[in-house]
Amino acid sequence: MTVKAYKRTLVTSALPYANGPLHLGHLAGVYVPSDIYVRYLRQRDRDVISICGSDEHGVPITLKARKEGISPQEVVDRYHAINKKAFEDFGISFDIYSRTSNQVHHETASEIFKTLYDKGVFIEKTSEQYYDEEAATFLADRYITGTCPHCGNPCAYGDQCEQCGTSLSPTDLVNPVSTISGSKPILKETKHWYLPLDKYEPWLKEWILEEHKEWKPNVYGQCKSWLDQGLHPRAVSRDLDWGIPVPIEGADGKVLYVWFDAPIGYISATKELTPDWEKYWKDEETRMIHFIGKDNIVFHCIVFPTILKAEGSYILPENVPANEFLNLENDKISTSRNWAVWLHEYLEDFPGKQDVLRYVLCANAPESKDNDFTWKDFQNRNNNELVAVLGNFINRALVLTHKYFEGKVPEITTLTEQDKATLAEILTIAQGVEESLEHFRFREAIKRGMDLARLGNKYLADTEPWKVIKTDPDRVKTILNISLQISANLTLLLDPFLPYSMEKLRGFLRFEGTSWDLIGSESLLAPGHSIEKASLLFEKIEDEQIQLQLDKLNRTKEENEEPVVASPQKEEITFDDFTRMDLRTGTILEAEKVPKTKKLIKMLVDLGFEKRTIVSGIAEYYEPDVLPGKKVSVLANLAPRKIKGIESQGMILLSENPDGSLHFVEPSESAVNGSEIN
RNA sequence: GGCGAGGUAGCUCAGGUGGUUAGAGCGCAUGAUUCAUAAUCAUGAGGUCGGGAGUUCAAGUCUCCCUCUCGCUACCA
């Protein structure tokens, strides 16, 4: 592997989807690390740009719009505004925060599609999809509801049943209904374009598995998993009226699939930012870094690079430092369950405390595995680290300087060996931070950065200026000069992590330097230079504030535990309809797990008049060895179906709780095998 | 079931190519100290490195089996 010398860096951060506000998971996984990285490079005076924006297409946005009776544009306008402002208020320093619904992006995505189309990259395929004749439109999976074939939930979507969690395809649904017109959709042929990922598989294997072994284990492993399983062509278009129209003849009513256009948003945003955009996207001397969460690995490591490669003139990402997920108080963050800490709410509840959250999310970032955010930990890190270590050191240095030298930086008289060692340590620490940042190890970086404040505290404890002042005031001059030089160095070293606080600290010190190259200097503050009276850099966070946040989450939990609204009753049927079902009492004779499956159990059931083999997905709730002898209710005249190669002759009735757990509908002991259930 | 990532001190995590008494921060205990937001500094206690077997002179680090967590995937009549 050759180490390339790069002239510039292009940093992209995953485009947040504009159908909801930002939460801590987004920040910890993507935006805090990318912002630290970008601020660091800027401070080093490197040529770097940071790109982000709202991802505004796709079906979920149209659904949200429909639900609220507004247009998709209004939905994305709302969340784009909220999120853009939240990022700004939080100090995420994108060079541009654009959006995919704007003109530049439409043009850029269209051009790239067109180029690939003209090159003959795509495969065209015709398939049958549901079509709403009344609304004269094809229906996206999410626009179709029907009865889930698995659990009978009458409100299942065309792509997933939210009750049992099964992923579905629209044609699986029983009694499909269009959510647009309420009519019954028909199957109609439609043409789509596919990106043949399979053809690029050999190249991807070489590029990732051979040339990028340095990628993080979670990223590399995920890619390997996909590549080993074999790639398949992926549709790049959809029948939908919200998005970027497919820019070719005869593609009316079709738009680019959102995952195709979203990453191109990075390119569009760069175009919008600078006329020099090609230098960032097409020059081999540019290093492109994608900051993303683990859910985006396949798109940024496999799909998007394939698009860029197929297009031919673009560079590929040099690294994709994807993070894992952040949990909240021991539970997965979930927008639909409102289990989250929303950024805009945090900013209201903790005004002026952006850096505290930046610090906690960085120090506890889910870099190698899923991590947990707890409010207690948030409080502890603020009180025991930011306040006690960093804030306290600054306070000590400033207070002592005012107490003994009227707020003027004293001069160095004589340097002891300890002084020299302490000053030398500054640079060593800085090099450690650099090393960590260059390798995207942000939690290690921030910890190493804090070591400089620890060094300051130790230095003061060792030299004891409050004692020495009585016997040797000249010595104290040197001690405080060094303490203040450490403080000034801290403003430089921690600026990428804690920009607000370091700005404040520069104010305290009346220090204006910002360049990373100054770090290690022993004369950032000249003797005689006046500094401001000390005020606090960080404040303690009291238990009450934390309790308030915990109460908020508890309320959410209680709301979530309220009984689920019973699914609406299905449409009325006649007695004849009912009598068509042949329900029987039976007894399980034998049961065994179906090999190589997680849920399936194969049973032999005695129905009195005959014995049936029935396969059922209950292995997560019943062990096979407890089943023989159990009385069950069986739908006997259900058409047989092959499951995992075994013919299942009937269905065992099960009741399902809201949590998905299954329970047999058990006839009483006195019921005889084969007796009819009416 | 398949694939991937994880399971290391009370908590959150480090531990290239196997090699002296397994590390850090926080928490805890003891001592020092008072300039400082009861902050700081020092010292210490705490781990059979998920479990088992194997390779090796030597394994947290390699191999196999098992187990738990997370993700993708198959499967649920």
Side-chain angles (χ1 to χ4, degrees), chain A residues 148-152 161 164-167 174 216-229 294-295 297-298 324-325 327 332 360 363-374 376-377 380-381 383-389 391-404 441 443-444 446-448 450-451 453-454 456-469 476 479-480 483 534-540 593-601 614-620 635 638-644 648-654 656 660 662:
Chain A
C148 172
H150 306 293
C151 68
C161 169
C164 64
T166 310
S167 51
V174 183
K216 291 172 58 173
N218 57 337
V219 177
Y220 187 89
Q222 184 72 228
C223 291
K224 189 168 185 319
S225 174
W226 276 84
L227 290 169
D228 288 349
Q229 279 175 39
K294 69 172 165 187
D295 52 331
I297 290 174
V298 62
E324 301 287 296
F325 284 157
N327 293 329
K332 272 182 227 179
V360 173
N364 190 28
E367 282 177 3
S368 54
K369 61 175 188 185
D370 290 357
N371 268 352
D372 199 26
F373 175 92
T374 64
K376 193 69 197 161
D377 181 62
N380 284 337
R381 287 193 185 271
N383 293 355
N384 302 331
E385 297 176 32
L386 288 178
V387 172
V389 177
N392 184 41
F393 167 67
I394 297 300
N395 195 236
R396 299 171 85 184
L398 298 190
V399 165
L400 288 169
T401 303
H402 276 279
K403 192 163 180 177
Y404 302 142
R441 293 198 286 255
R443 46 193 309 160
E444 182 182 82
I446 203 165
K447 198 182 136 234
R448 287 178 161 179
M450 286 295 283
D451 283 343
R454 293 179 209 285
N457 277 320
K458 181 167 166 48
Y459 179 70
L460 282 178
D462 288 347
T463 54
E464 300 181 304
W466 49 89
K467 273 189 186 165
V468 178
I469 190 74
V476 175
I479 294 170
L480 286 183
S483 299
S535 51
L536 298 182
L537 202 52
F538 298 100
E539 294 166 347
K540 286 209 153 198
K593 188 123 187 278
V594 179
K596 300 195 177 185
T597 66
K598 191 154 71 182
K599 298 185 181 174
L600 300 183
I601 288 183
I614 298 179
V615 177
S616 190
I618 56 173
E620 286 180 305
L635 177 57
L638 184 69
R641 165 154 172 170
K642 270 203 169 176
I643 303 166
K644 278 276 162 186
S648 182
Q649 306 153 324
M651 177 163 92
I652 294 177
L653 301 190
L654 296 155
E656 183 179 11
L662 299 171

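Proteins get letters first, then strands, A, B, ... in listed order; numbering begins at 1 in each. Bear in mind that the values here come from a model prediction, so they are computed numbers and not experimental data.
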Where A/Ala534 and A/Asn395 come nearest, the two heavy atoms and their spacing: CB-ND2, 3.8 Å

- request: Supply the atom-to-atom distance A/Asp372 CG to A/Asn364 CG, rounded to the nearest 0.5 angstrom.
  value: 8.0 Å

field: B/G27 to B/A45 separation - C1' atoms, rounded to the nearest Å
entry: 13 Å

query: Which part of the nucleic acid, if any, lies within contact of A/Lys403, taking any heavy atom under 4.0 Å across all strands shown: a base, the sugar-phosphate backbone alone, or nothing?
result: sugar-phosphate

field: Earlier contact from the 5' end, RNA chain B, for A/Tyr220 and A/Phe325
entry: A/Tyr220

Distance, nearest 0.5 Å, that separates CG of A/Asp462 from CG of A/Asn457: 10.5 Å

message: From CD of A/Glu464 over to P of B/A42, roughly how many Å is that when rounded to an integer?
response: 13 Å

message: Using a heavy-atom cut-off of 4.0 Å across all strands, would you classify A/Glu367 as base, sugar-phosphate, or nothing?
response: nothing

- line: note: A/His402, atom NE2; B/A36, atom P; distance rounded to Å ~ 14 Å

Separation between the C1' atoms of B/U63 and B/G71, rounded to whole Å: 26 Å

With 3.5 Å as the limit, what N/O pairs link the protein to nucleotides 37-40 of chain B?
from, atom 1, to, atom 2, distance (Å)
B/U37, N3, A/Phe538, O, 2.6
B/U37, O4, A/Phe538, N, 3.3
B/U37, O4, A/Phe538, O, 2.6
B/A39, OP1, A/Lys540, NZ, 2.7
B/A39, O2', A/Ala388, O, 3.1
B/A39, O2', A/Asn392, ND2, 2.8
B/U40, O2', A/Arg396, NH1, 3.0

- prompt: Listed by chain and number, what are the side-chain hydrogen bond (donor to acceptor under 3.5 Å, both in side chains) partners of A/Asn380, not counting sequence neighbours?
  reply: none

message: Suppose you measure atom C1' in B/U48 against the same atom in B/U8; what distance do you get, rounded to whole Å?
response: 12 Å

- prompt: What's the spacing between A/Arg396 CZ and A/Trp466 CH2 if we round to 0.5 Å?
  reply: 5.0 Å

Donor-acceptor contact below 3.5 Å, side chain A/Asp370 vs main chain A/Phe325: yes

Secondary-structure notation, RNA chain B, from Watson-Crick and G-U pairs under 3.5 angstrom (| other strand): (((((((..((((.....[...)))).(((((.......))))).....(((((..]....))))))))))))....

Hey, what are the protein-to-nucleotides 15-18 of chain B N/O distances that come in under 3.5 Å?
none

- request: Give the nucleotide from the list B/A14, B/U34, B/C70 with an atom nearest to the side chain of A/Glu444.
  value: B/A14

message: Going by the rule side chain to side chain contact (heavy atoms under 4.5 Å, CB included), which residues pair with A/Gln222 if we only count those two or more places apart in sequence or in a different chain?
response: A/Trp226, A/Ile297

Spacing of A/Ile297 atom CD1 relative to B/U73 atom P, expressed in whole Å: 13 Å

Atom pair NZ/OG1 of A/Lys458 and A/Thr463 - distance to nearest 0.5 Å: 10.5 Å

query: Please give, in whole Å, the distance from B/U73 C1' to A/Lys294 NZ?
result: 15 Å

task: With sequence neighbours left out, write down each residue that passes salt bridge (Lys or Arg N to Asp or Glu O under 4.0 Å) with A/Lys369, or none if nothing qualifies.
output: none

message: Between A/Asn384 and A/Val389, does the side-chain contact (heavy atoms from CB on, under 4.5 Å) criterion hold? Intermediate values first, please.
response: CA-CA 7 Å; A/Asn384 302 331; A/Val389 177; over 6 Å; no

message: Suppose you measure atom C1' in B/C28 against the same atom in B/U73; what distance do you get, rounded to whole Å?
response: 45 Å

query: Of the non-hydrogen atoms in A/Gly617 and A/Leu600, which two are nearest, and what is the gap between them?
result: CA-CD2, 3.9 Å

message: Taking only the P atom of each, what is the distance from B/G10 to B/C49 in whole angstrom?
response: 12 Å

Separation of B/A42 P from A/Leu460 CG (nearest whole Å): 13 Å

message: Please classify the glycosidic conformation of B/G18 as syn (within 90° of 0) or anti (everything else).
response: anti

- request: Taking all heavy atoms of A/Pro465 and all of A/Leu400, pick out the closest pair and write down the distance.
  value: CG-CD1, 4.0 Å

Footprint string (nucleotides 60-65 of chain B, 5' to 3'): B base within contact, S backbone only, - free, heavy atoms under 4.0 Å: ------

Atom pairs under 3.5 Å: protein N/O with N/O of nucleotides 22-24 of chain B:
from, atom 1, to, atom 2, distance (Å)
B/A24, O2', A/Lys447, NZ, 2.7

- prompt: Using a cut-off of less than 4.0 Å, is there contact between a side-chain N or O of A/Lys332 and OP1 or OP2 of B/G71?
  reply: yes

message: For A/Ile479, is there any backbone N or O sitting under 3.5 Å from a side-chain donor or acceptor partner on A/Ser483?
response: yes

task: Provide the closest heavy-atom pair for A/Ser616 versus A/Leu654 in the form atom of the first, atom of the second, distance.
output: OG-CD1, 3.8 Å

- prompt: Looking at residues at least two apart in the chain, or sitting in another chain, which of them share a side-chain hydrogen bond (donor to acceptor under 3.5 Å, both in side chains) with A/Tyr459?
  reply: A/Asp419

Partners passing side chain to side chain contact (heavy atoms under 4.5 Å, CB included) against A/Ile469 (at least two apart in sequence or in another chain): A/Tyr404, A/Pro473, A/Val476

statement: note: A/Tyr459, atom OH; B/C35, atom P; distance rounded to Å ~ 18 Å

- request: Could you check how far CE of A/Met651 sits from P of B/C76, rounded to whole Å?
  value: 13 Å

- prompt: B/C70 P sits how many Å from A/Asp295 CG, rounded?
  reply: 17 Å

task: Check each of A/Lys540, A/Glu539, A/Arg381 against A/Val387 using the side-chain contact (heavy atoms from CB on, under 4.5 Å) test, and report the only one that passes.
output: A/Lys540

message: Students often get this wrong, so: under 4.0 angstrom with heavy atoms, is A/Val298 touching a base, only sugar-phosphate, or nothing?
response: nothing

- prompt: When rounded to the nearest Å, what value does the distance between C1' atoms of B/G52 and B/A38 take?
  reply: 50 Å

Identify the pairs formed between an N or O of the protein and an N or O of nucleotides 5-10 of chain B at a distance under 3.5 Å, and give each distance.
none

message: Show the nearest heavy-atom pair for residues A/Leu480 and A/Ala397, with the distance to one decimal.
response: CD2-O, 4.4 Å

task: Could you pull out all residues at least two apart from A/Lys216 that satisfy side chain to side chain contact (heavy atoms under 4.5 Å, CB included)?
output: A/Asn218, A/Val219, A/Pro321, A/Asn323, A/Glu367

query: Using the P atom in both, what is the distance from B/G23 to B/G60, to the nearest Å?
result: 13 Å

task: For A/Thr374, report the nucleic acid contact type (base, sugar-phosphate, nothing); a contact means any heavy atom under 4.0 Å.
output: nothing

message: Please give the distance between the P atoms of B/G50 and B/A14 as a whole number of Å.
response: 13 Å

task: Decide, yes or no, whether a salt bridge links A/Arg454 with A/Asp451 under the criterion of side-chain N to carboxylate O below 4.0 Å.
output: yes

query: So, for A/Gly650 and A/Ile614, which heavy atoms are closest and what is the spacing to 0.1 Å?
result: O-CG2, 3.5 Å

